[in-house]
Structure formats: structure tokens, C-alpha cells
> 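Got a structure for you, questions after.
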Amino acid sequence: MSTLGIIALLTLLYWLYATVDVLKGLPNLRTLPKSPLTPFSDKPPLVSVIIAAKEEETTIRETVKHLLSQNYPRLEIIAVNDRSRDATGVRLEELRKWSEGKQDIRTKLQIIHITHLPDGWLGKNHALYQGYLQARGQYLLFTDADILFAPGTITDAVTYMKEQDVHHLTLTPNMFARGALLKGFVHFFLFSFSLFVRPWRANIDNAKGPGIGIGAFNMVSRSAYEAIGMHKAIALRPDDDLQLGIFLKRAGYRQRVLSAKHLLQVEWYRSLKDAVIGLEKNLFSGFRYSYMVALLACLGQIGFFICPWLGLLFLWDWRGAVYAVAVILQIWLYRKLMSRLMSLRGDSAYLLPVSASLLVYTIVRSVWLTWKQGGIYWRGTFYSLRELKRSKR
């Protein structure tokens with residue numbers, strides 16, 4: 001048997017394994033249930049929503065307004081303006097004054113302005129930690145400055161956490177994207193990430209299992225957050241949201257990841273260029289700054305996602321037929337996961353090889369730029385590769 005024939009069979013075996021794994025895991029990946037409209041039987045816990053915002057003048061207003069419109073009875077919002085050089089701070093102060101003048105808004109909006117970043121911290125992580133220091137809630141909700149919340153989101157989340165005795169709840173949002181190519185790339189990234197991380201496994205109560213956290217919605221009990229060392233433990237991690245979930249799961253706290261496609265919405269990036277630039281800053285950190293792991297990730301993308309399409313087009317023998325089956329499984333899994341996570345039919349499946357090629361390009365740029373610069377620039381601040389590697393230990 002030729003080398004190409006062996007590769008084709010190995011590719012098919014991977015997609016067969018992935019199909020079986022997803023089919024077994026999807027029952028564990030559910031949608032956040034809607035809570036009854038009846039009031040809480042006892043005094044509901046105070047929830048502190050903490051938002052870090054840097055140069056977010058175009059999105060912060062809508063995010064905070066959606067949070068101020070939550071129907072949860074005990075809520076405080078702490079928005080941290082992290083050294084913004086645009087009008088983010090002005091927008092937040094305007095929102096605070098506007099909310100104080102509304103009799104139907106009882107939620108307190110507190111604003112923290114940060115002007116200095118101490119050594120040993122990534123800006124966002126430091127901002128979230130400063131928000132925690134001012135928070136009084138029993139539950140802490142860490143979220144981003146571009147998320148739109150349905151009115152009952154926090155009520156549904158707290159009800160679920162109390163009923164299921166969960167210490168950490170993270171929710172997947174509906175990811176809105178403009179244009180076919182950007183939509184295909186964003187959705188493919190979620191697809192590829194899901195196959196790699198297998199988020200449904202986080203819902204298995206096993207401390208040895210993998211953990212997960214999503215920046216759009218990370219709600220954690222105060223006691224669990226403090227026990228793992230807070231954001232101090234992940235001070236220099238660009239993937240802070242993911243690491244928060246990993247640390248909590250590793251410490252044995254009960255964790256759940258659920259779909260909130262009907263409650264949360266985010267426009268992750270506004271253009272394909274923004275997506276590539278945004279991801280190239282933190283993709284290398286996801287590979288633990290290992291050149292070998294990054295290389296294996298690129299080879300995996302090429303071998304499992306791109307080559308089956310090329311084999312289907314150019315091999316007119318049994319190997320082409322094997323690759324055709326692999327492509328069919330790839331499309332089916334893509335549509336299945338998109339439907340479960342974001343209520344999408346997966347119409348952009350035809351862009352899978354193009355999106356995979358773009359992701360390989362982004363990974364290569366992420367590694368090359370980090371090596372060339374000796375570190376990364378994150379929100380205008382440079383962090384050396386040496387200190388980033390030291391922090392991951």
C-alpha cells in the first residue's frame with residue numbers, strides 16, 4: 001500500500017473516532033434551561049458582574065445597557081476602564097449618570113479607571129482582578145465588553161447553579177459575523193476548537209477531566225475563585241478565560257459548560273483582518289509556547305481538514321473514495337456542532353478547507369511574530385516571551 005493510501009486511511013480513522021466521540025458527548029452539551037418566572041424561594045445571592053474594557057467605546061454602551069436591563073433582583077455591575085485612550089471612560093461615566101436618573105433601574109453601576117499596569121500582569125487580567133477587589137457578590141460573573149445579554153440570562157444562570165450545585169458555569173454565545181468568509185472562519189475556529197478541547201467532557205464530574213472557560217460568560221462562586229488563587233494565578237495568560245476554567249476543574253470544583261445561543265450574542269470580529277490579528281496574539285499561548293505543539297497543530301489542520309478535500313478532487317481511485325467519506329463526516333460533524341452550539345445549519349461548510357488554510361496561516365503568523373518580537377503586544381503593552389513562558393509554569 002502506498003504512503004498516500006496509508007495517510008488516507010489514517011485520516012478516515014480520525015474522522016470516524018471524532019464522529020463517535022461527538023455522538024457520545026453531545027448529550028452532555030445542553031442548552032441553559034429557562035428558569036421559572038416565580039421569585040426565588042429565599043433571598044437570592046448577590047451577583048457581581050465584572051467587565052474589563054480597553055478601547056471599547058463602540059460596544060461598551062450596549063453591553064452595559066443590556067446588563068442594566070437584567071431582571072435578576074440582586075445585581076451589581078463593575079466596569080473597569082483599563083487605560084483606554086479612546087472615549088471608553090467617558091461612555092461609562094455617561095452610562096452611570098444615565099442609570100442613576102432612571103427610577104426603574106436599581107442595579108448599581110460602579111466604574112473603576114485604571115491608569116497604571118503593574119509588572120507581572122496582563123492588562124485584562126489585572127483589570128478583572130481589580131474589579132473583584134471591589135465586588136461584594138457571592139457569585140462573580142466575568143464577561144467581555146462586547147456581549148449582548150437577554151434580560152433573563154443571569155436569572156437563568158443563578159437558578160441553574162443553585163439547583164445543580166455548580167461552582168463554575170460558562171456559556172457559549174451565538175457568534176455573529178458579517179460576510180461569508182469571516183463567518184466561515186469564525187465558525188470553523190469554534191468547530192476546530194471544540195474537536196480539540198471537547199467541551200462536553202467538562203460536564204463530567206471528574207477532577208481529572210479537562211476544564212473550559214469562555215470569556216463571554218464565566219460565572220464562578222466567590223469561594224471557588226478565591227481558592228484557586230484568583231486572577232493572580234493566571235496573571236500573564238492571554239487565554240485567561242480558558243485557564244480560569246482549567247484551574248477550577250483541576251481543583252475539583254463542579255463545572256458546567258452550556259449553550260446560551262438564545263441568550264448571548266457577540267460579534268467576535270468585524271472583519272477577517274481583525275480576526276487574524278486578534279487570534280495571532282494568543283494562539284501560540286494555547287500551544288503553551290511550544291514550537292513542536294504549534295507544528296503538530298498545523299500538520300493536523302492540513303492532514304485532517306484540508307487534505308481530504310484535495311484528495312476528493314484529485315484522486316480518482318479508492319483513496320479518493322476514502323477521502324470522500326472523510327469529507328462527508330467532516331461536514332456532518334460541522335453542521336451538528338454548529339446546530340447544537342449556535343442554532344446554525346452550517347451552510348458555510350463548503351468553506352471548511354479555506355477556513356482551515358486561514359487558521360494555519362494565523363498559527364504560523366502567531367508563532368513567527370512572537371519569535372521575531374521576542375514576545376507579544378497585547379492591547380498596546382509588550383510582554384516578553386521569557387516572562388510568558390515562566391507564567392505558564
Side-chain angles (χ1 to χ4, degrees), residues 53-60 62-63 86 124 144-148 172-197 214-216 238-242 261 264-287 294-295 297-310 313 327 330-331 333-335 337-339 341-373 376-380:
K54 190 174 194 300
E55 273 88 57
E56 301 284 2
E57 63 177 357
T58 60
T59 60
I60 191 64
E62 287 303 310
T63 293
D86 63 1
K124 178 187 175 185
D144 294 331
D146 55 357
I147 311 297
L148 301 182
T172 64
N174 179 35
M175 297 169 64
F176 171 74
R178 306 173 190 270
L181 197 56
L182 176 60
K183 184 184 298 183
F185 180 63
V186 168
H187 294 168
F188 172 78
F189 180 83
L190 176 61
F191 174 55
S192 179
F193 178 77
S194 297
L195 290 180
F196 176 71
V197 176
I214 299 168
D239 53 345
D240 61 288
D241 48 359
L242 176 62
K261 54 194 175 186
L264 299 174
Q265 180 168 302
V266 58
E267 185 177 13
W268 201 21
Y269 294 106
R270 295 195 169 187
S271 69
L272 185 60
K273 180 180 178 180
D274 289 343
V276 172
I277 292 175
L279 288 173
E280 71 186 15
K281 294 177 182 179
N282 60 6
L283 271 181
F284 197 20
S285 71
F287 304 130
L295 175 62
C298 289
L299 293 177
Q301 290 291 324
I302 295 170
F304 296 132
F305 291 93
I306 300 174
C307 283
W309 294 78
L310 296 176
L313 292 175
V327 167
Q330 186 181 140
I331 293 173
L333 281 181
Y334 177 77
R335 293 173 66 93
L337 281 172
M338 290 302 99
S339 174
L341 293 173
M342 295 191 296
S343 296
L344 297 175
R345 294 178 296 177
D347 293 339
S348 55
Y350 68 96
L351 288 171
L352 282 170
V354 177
S355 300
S357 301
L358 284 170
L359 184 57
V360 171
Y361 168 76
T362 306
I363 294 172
V364 172
R365 272 189 60 85
S366 178
V367 175
W368 180 74
L369 285 174
T370 305
W371 173 79
K372 179 184 177 183
Q373 298 168 166
I376 63 172
Y377 282 94
W378 188 268
R379 297 285 188 170

> Of all heavy-atom pairs between L190 and M338, which one has the smallest distance, and what is that distance?
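Minimum heavy-atom separation between L190 and M338: CD2-CE, 3.9 Å.
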> Rounded to the nearest 0.5 Å, how far does CD1 of I376 lie from CG of L283?
11.0 Å
> Taking all heavy atoms of I60 and all of A53, pick out the closest pair and write down the distance.
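Result for this residue pair: CD1-CB, 4.1 Å.
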> Between V266 and D146, what is the shortest heavy-atom contact and its length?
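That would be CG2-O, 3.7 Å.
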> Give a yes or no answer on whether the side chain of S339 reaches the backbone of R335 with a donor-acceptor pair at less than 3.5 Å.
no
> Go through the steps for L195 and L337 under the test side-chain contact (heavy atoms from CB on, under 4.5 Å), then give the verdict.
CA-CA 9 Å; L195 290 180; L337 281 172; 4.2 Å; yes
> How many angstroms lie between CZ in F193 and CG in L242, if you round to the nearest 0.5 Å?
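Taking CZ in F193 and CG in L242, the distance rounds to 5.0 Å.
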> Does F176 CZ have over 12 foreign heavy atoms under 6.0 Å away?
yes
> What residues, two or more places apart in sequence or in another chain, satisfy side chain to side chain donor-acceptor pair (under 3.5 Å) together with W268?
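W268 satisfies side chain to side chain donor-acceptor pair (under 3.5 Å) with no residue once adjacent residues are dropped.
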> With sequence neighbours excluded, what pairs up with E280 under the salt bridge (Lys or Arg N to Asp or Glu O under 4.0 Å) test?
R365
> So, do L148 and E62 sit near enough that their side-chain heavy atoms are less than 4.5 Å apart?
yes
> Looking at CZ of F191 and CG of L333, how far apart are the two atoms once the value is rounded to the nearest 0.5 Å?
5.5 Å
> Run L272 and L358 through side-chain contact (heavy atoms from CB on, under 4.5 Å) and show every step you take.
CA-CA 10 Å; L272 185 60; L358 284 170; 4.1 Å; yes
> Do any N or O atoms from the side chain of S366 and from the backbone of K281 form a donor-acceptor pair under 3.5 angstrom?
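Between the backbone of K281 and the side chain of S366 there is no qualifying donor-acceptor contact (under 3.5 Å).
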> Any chance you could measure I331, atom CD1, to W309, atom CH2, to the nearest 0.5 Å?
4.0 Å
> Can you see which heavy atom on A145 is nearest to which on T63, and at what distance?
O-OG1, 3.1 Å
> Test of understanding: with side-chain contact (heavy atoms from CB on, under 4.5 Å), list the residues that count as partners of A356, not counting sequence neighbours.
F188, Q301, F305, I306
> Between S348 (side chain only) and L351 (backbone N and O only), is there a donor and an acceptor less than 3.5 Å apart?
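Absent.
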> Side chain of T362, backbone of V276: donor and acceptor closer than 3.5 Å?
no
> Under the side-chain contact (heavy atoms from CB on, under 4.5 Å) rule, what do K124 and K54 come out as? Steps first, then yes or no, please.
CA-CA 8 Å; K124 178 187 175 185; K54 190 174 194 300; over 6 Å; no
> Once salt bridge (Lys or Arg N to Asp or Glu O under 4.0 Å) is applied, do any residues pair with D239, and if so which ones, sequence neighbours excluded?
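Salt bridge (Lys or Arg N to Asp or Glu O under 4.0 Å) check on D239 returns R237.
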> Roughly how far apart are K372 NZ and T370 OG1, rounded to 0.5 Å?
12.0 Å
> Could you measure the distance from the NZ atom of K261 to the CG atom of L264? Nearest 0.5 Å is fine.
12.5 Å
> Grab the two heavy atoms, one from C298 and one from I363, that are nearest each other, plus how far apart they are.
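What the structure gives for the nearest pair is SG-CG2, 3.5 Å.
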> Sequence neighbours left out, what passes salt bridge (Lys or Arg N to Asp or Glu O under 4.0 Å) with E267? Give chain and number order.
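Partners of E267 by the salt bridge (Lys or Arg N to Asp or Glu O under 4.0 Å) criterion, ordered by chain and then number, come out as R178, R270.
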> Working note: L369 + F284, criterion side-chain contact (heavy atoms from CB on, under 4.5 Å); need CA distance, chi angles, decisive distance, verdict.
CA-CA 10 Å; L369 285 174; F284 197 20; over 6 Å; no
> Any heavy-atom pair between the side chains of V354 and S357 that's under 4.5 Å?
no
> State, with a plain yes or no, whether a side-chain heavy atom of Q330 is found less than 4.5 Å away from one of F304.
no
> Please identify each residue that fulfils salt bridge (Lys or Arg N to Asp or Glu O under 4.0 Å) with D241, with sequence neighbours left out.
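D241 satisfies salt bridge (Lys or Arg N to Asp or Glu O under 4.0 Å) with no residue once adjacent residues are dropped.
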> Please tell me if the side chains of Y269 and L279 come closer than 4.5 Å, counting only heavy atoms from C-beta onward.
yes
> Between the side chain of S355 and the main-chain N/O of G184, is any donor-acceptor distance below 3.5 Å?
yes
> Taking all non-hydrogen atoms of both residues into account, name the closest pair between G303 and C307 and its distance.
O-CB, 3.6 Å
